[in-house]
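Chain letters run A, B, ... following the sequence lines, proteins first, then strands; residues in each count from 1.
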Amino acid sequence: DLEEMEAQIILGNTYHLYLRPGDDLVARRGGLHRFANWKRPILTDSGGFQVFSLQSIRKITEQGVEFRSYIDGSKHFFSPEKVIDIQRNLGSDIMMVLDECVAYGEDREYTEKSLGMTTRWARRCRESYPKGTGGQIMFGIVQGGFHKDLREMSLEQLREIDFEGFAIGGLSVGESTEQMYDILGHITPLMPDDKPRYLMGVGTPLDILEGVSVGVDMFDCVLPSRNARNGTLFTSRGKVNIKRAEFAEDDSPLDPECGCYTCRNFTKAYLRHLYQAKELLSYRLNTYHNLYFYLNLMKQIRAAIEVGTFADLKRHYEAVYATETE
RNA sequence: GGUGGGGUUCCCGAGUGGCCAAAGGGAACAGACUGUAAAUCUGUCGGCGUACGCCUUCGGAGGUUCAAAUCCUCCCCCCACCA
């Protein structure tokens, strides 16, 4: 499906693949590309986000993170070096350094201390896999919470380490859209413009437009797929909750302007029925559509930038998704 | 024909005198979801009202009681086993 809709890259997760099926097993299968039969680029996240989202079962120290498997409760330890080794086993094209994604609401003192450690971890990651070691490249991750000076400090220190690309982490962790845009708009323009800028974990169609407008090149987010599974679909006319009773006998396509397999073949009434009946096909069709929508949004953005109409495109989507931002 | 069990709010199913508009589950309805412990989670779910509350409801009709889904009487229906 992803090849068909022309996805350029996919993301794999160090934490999850390490626990299951195990990075050694993946290495024995010839790496993630061969294992999953995906021929285009793959980026692997380091597990840093899981340190954040699964915080009830972990302990962070300068050495690394001790955590328990959510699968069987067994104890494991991730050091910056270990996380790179795992990503080497997975054989991704882009590796991410181990970082601590600070929760929203942590005070400045904690954020600053955490940042120091995250930077040291980033250096250790790079030292364990110096530039040119193999065919994989490595991105550093800017942290610093919601303090602009800490964000700048993070970026400066990371630039000295010599990464092939830079990511912005620690956003969309509970803050308001306004706060997120504020930090994003401040730090992104300061990032090297000759290297990819990657905004991690974001976001809504509007978030992406905002990110691009301040200079972000790449994104990753569970939103389109997770929302699809839960019945919220993104369309050219805004969000559609396919579960709603009003669609029970609606014979029109989900999005008449969409050219995806789902929209070309099925009605809202049918998609609603599949969802209500918990048919597996529902997840597949809905996910196909949302991913197609996002990929198409990115295509539109690239095309608009080339012809100089990006601002118009952004304004258009802001109008369509107006109610979503509040 | 005999014996035993049972009929509860849309469905299933707790409840055997007051704390019961009635547990729990399902369905339905609405919402959430942002580097995926998420095919998950939250709310509503007899009617009216902001609310204290009032009204209607536990197969049907009577009755006992200050008070009945719960006790008594008769009736209707269902199930199991026996014949």
**Message:** Using 30° and 60° as the class boundaries, would you call the ring planes of A:Tyr283 and A:Tyr275 parallel, tilted or perpendicular?
**Reply:** perpendicular
**Item:** Assigned partner base of B:A23, Watson-Crick or wobble definition, under 3.5 Å
**Value:** none
**Item:** Greater than 12 external heavy atoms within 6.0 Å of A:Lys299's NZ
**Value:** yes
**Asked** What residues in residues 137-149 of chain A put a non-hydrogen atom under 4.0 Å from any atom of RNA chain B?
**Response** A:Ile141, A:Gln143
**Message:** Between B:C72 and B:U65, how many Å separate the two P atoms, rounded to a whole number?
**Reply:** 15 Å
**Prompt:** Hey, does the side-chain of A:Asp207 have a donor or acceptor N/O within less than 3.5 Å of a partner on the base of B:U34?
**Reply:** yes
**Prompt:** Should A:Arg244 be listed as having a side-chain N or O under 4.0 Å from OP1 or OP2 of B:G31?
**Reply:** yes
**Message:** When you measure from the side-chain N and O atoms of A:Gln50 to the phosphate of B:G35, is any distance below 4.0 Å, counting only OP1 and OP2?
**Reply:** no
**Asked** Which side chain to side chain donor-acceptor pair (under 3.5 Å) pairs, counting each pair once, include a residue from residues 187-202 of chain A, with sequence neighbours left out?
**Response** A:Tyr198-A:Asp220
**Prompt:** Which one is paired to B:G17, where only Watson-Crick or G-U wobble pairs with both distances under 3.5 angstrom count?
**Reply:** none
**Prompt:** Considering only the C1' atoms, how many Å lie between B:C55 and B:G59, rounded to the nearest integer?
**Reply:** 22 Å
**Asked** B:A69 and B:G17: how far apart are their C1' atoms, nearest whole angstrom?
**Response** 11 Å
**Message:** Please report whether the ring centroid of A:Phe67 lies less than 6.0 Å from that of A:Tyr15.
**Reply:** yes
**Complete:** Grouping ILVMFWY residues whenever side-chain heavy atoms fall under 4.5 Å, the cluster of A:Val102 otherwise contains A:Tyr110
**Request:** Decide whether A:Phe310 and A:Phe219 are clustered together by the hydrophobic rule: side chain heavy atoms of Ile, Leu, Val, Met, Phe, Trp, Tyr closer than 4.5 Å, transitively.
**Result:** yes
**Message:** Let me spell it out: for each of A:Tyr283 and A:Gly169, pick the nucleotide of RNA chain B with the closest heavy atom. Which residue's pick is nearer the 5' end?
**Reply:** A:Gly169
**Asked** Just to confirm, is there a sub-4.0 Å distance from OP1 or OP2 of B:C29 to any side-chain nitrogen or oxygen of A:Gln276?
**Response** yes
**Message:** Can you tell me the base-pairing partner of B:C52? Count Watson-Crick or G-U wobble geometry only, both distances below 3.5 Å, and say none if there is no partner.
**Reply:** none
**Asked** Counting only non-hydrogen atoms, which of residues 83-119 of chain A are less than 4.0 Å from RNA chain B?
**Response** A:Asp99, A:Cys101
**Complete:** When both distances are under 3.5 Å in a Watson-Crick or G-U wobble arrangement, the nucleotide paired with B:A37 is none
**Separation of atom OH in A:Tyr275 from atom C1' in B:A39, rounded to whole Å** = 8 Å
**Asked** A:Lys278 side chain N/O closer than 4.0 Å to the phosphate oxygens (OP1, OP2) of B:A27?
**Response** yes
**Prompt:** So which pairs with a foot in residues 259-271 of chain A pass side chain to side chain donor-acceptor pair (under 3.5 Å), sequence neighbours left out?
**Reply:** A:Ser252-A:Lys268
**Request:** Name the pairing partner of B:G1, where a pair is Watson-Crick or G-U wobble with both distances under 3.5 Å, or state none.
**Result:** B:C82
**Request:** Take the angle between the ring planes of A:Phe163 and A:Phe166 and call it parallel below 30°, perpendicular above 60°, tilted in between.
**Result:** perpendicular
**Asked** Does A:Arg34 use its side chain to pair, donor to acceptor, with the backbone of A:Asn37 at less than 3.5 Å?
**Response** no
**Message:** Nearest whole Å is fine: how far is B:U34 P from A:Leu184 CG?
**Reply:** 17 Å
**Item:** Sugar-phosphate, base or nothing in reach of A:Arg272, heavy atoms under 4.0 Å
**Value:** sugar-phosphate
**Request:** Could you measure between the two P atoms, the one in B:C48 and the one in B:C66, and give it in whole Å?
**Result:** 35 Å
**Item:** C1' atoms of B:A21 and B:G49, separation to the nearest Å
**Value:** 16 Å
**Asked** Under a 4.5 Å cut-off applied to non-hydrogen side-chain atoms, are A:Glu210 and A:Leu206 in contact?
**Response** no
**Asked** Taking atom C1' of B:A30 as reference, at what distance in whole Å does atom CD1 of A:Ile242 sit?
**Response** 15 Å
**Request:** Report yes if a side-chain nitrogen or oxygen of A:Ser172 is closer than 4.0 Å to either non-bridging phosphate oxygen (OP1 or OP2) of B:G35; otherwise report no.
**Result:** no
**Complete:** Atom CG of A:Asn13 and atom P of B:A38 are separated, to the nearest Å, by 11 Å
**Prompt:** Is it the case that one hydrophobic cluster holds both A:Phe77 and A:Phe49, taking links as side-chain heavy atoms less than 4.5 Å apart, direct or via other members?
**Reply:** no
**Item:** Under 3.5 Å on both distances, the Watson-Crick or G-U partner of B:C74
**Value:** B:G60
**Complete:** Of the candidates B:A37, B:A39, B:G35, the side chain of A:Met200 sits closest to B:G35
**Prompt:** P atom, B:G1 versus B:C12: distance in rounded Å?
**Reply:** 29 Å
**Request:** Would you indicate what A:Leu280 reaches in the nucleic acid, counting non-hydrogen atoms under 4.0 angstrom: base, sugar-phosphate, or nothing?
**Result:** base
**Fill in**
In whole angstroms, the gap separating P of B:A30 from CZ of A:Phe247 amounts to 9 Å
**Asked** Heavy-atom contacts under 4.0 Å between residues 215-237 of chain A and RNA chain B, which residues?
**Response** A:Asp220, A:Cys221, A:Val222, A:Leu223, A:Ser225, A:Arg226, A:Asn227, A:Arg229, A:Asn230, A:Thr232
**Message:** Using whole Å, what does the distance between atom C1' of nucleotide B:U34 and atom OH of A:Tyr181 come to?
**Reply:** 10 Å
**Prompt:** Would A:Ser74 and A:Asp72 count as having a side-chain donor-acceptor pair, cut-off 3.5 Å?
**Reply:** yes
**Request:** Examine distances only and state if a side-chain atom of A:Glu100 and a backbone atom of A:Thr118 form a donor-acceptor pair shorter than 3.5 Å.
**Result:** no
**Separation of atom OH in A:Tyr70 from atom P in B:U40, rounded to whole Å** = 15 Å
**Prompt:** Is the count of non-hydrogen atoms from other residues, nucleotides or ligands lying under 6.0 Å from A:His273 atom NE2 greater than 12?
**Reply:** no
**Prompt:** Given the C1' atoms of B:A38 and B:A32, what is the spacing between them in whole Å?
**Reply:** 12 Å
**Message:** Expressed as a whole number of angstroms, how long is the span from A:Asp72:CG to B:A37:C1'?
**Reply:** 13 Å
**Prompt:** Taking the same atom, C1', in B:C19 and in B:A67, what whole-Å distance lies between them?
**Reply:** 13 Å
**Request:** Provide the Watson-Crick or G-U wobble partner of B:A30, both distances under 3.5 Å; none if there is no partner.
**Result:** B:U42
**Message:** Testing the 3.5 Å rule here: is there a donor-acceptor pair between the side chains of A:Asp207 and A:Tyr181?
**Reply:** yes
